[in-house]
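Note sheet for the following structure.
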Amino acid sequence: RLKDKVDSLEREEGLTTGALSQLTSQLKDDFGCNSVDEAKTILERLETEYAEMEREYEKSLRKFEEAWSEKIRKEKQ
């Protein structure tokens, strides 16, 4: 019974190690990361860039609406 438990834990460790290796390889292939810490740093940078792009989009949308909303409203009538 104890041997079965040990065998089971060894198989689980092998699967976990394989999964971690595969995910680490995918991080390197997809994002050029060699570690989870590098991935976190890249994620933070991308989130910051995304937030800035979102702010710029909202700003551009407001300018567009201010400039064209009256013309669009008249065209619909």
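All residue numbers in this chain count up from 1 along the given sequence.
The heavy-atom pair separating Ile42 from Phe31 by the smallest distance is CD1-O, 3.7 Å. Counting all heavy atoms, side chain and backbone alike, Leu27 lies closest to Ser35 at CD1-O, 4.3 Å.
Residue pairs meeting the side chain to side chain donor-acceptor pair (under 3.5 Å) criterion with at least one partner in residues 43-57, sequence neighbours excluded, are Arg45-Glu49, Glu52-Arg55.
For Glu58, the CD atom sits in a packed shell: over 12 heavy atoms of surrounding residues, nucleotides or ligands are nearer than 6.0 Å.
Atoms OG and CD, from Ser21 and Gln26 in turn, are 11.5 Å apart once rounded to the nearest 0.5 Å. Rounding to the nearest 0.5 angstrom, the gap separating the OG1 atom in Thr17 from the CD atom in Glu12 is 10.5 Å.
A salt bridge links Lys3 with Asp7; the closest basic N to acidic carboxylate O contact falls under 4.0 Å.
Side-chain atoms of Thr24 come within 3.5 Å of backbone N or O of Leu20 as a donor-acceptor pair.
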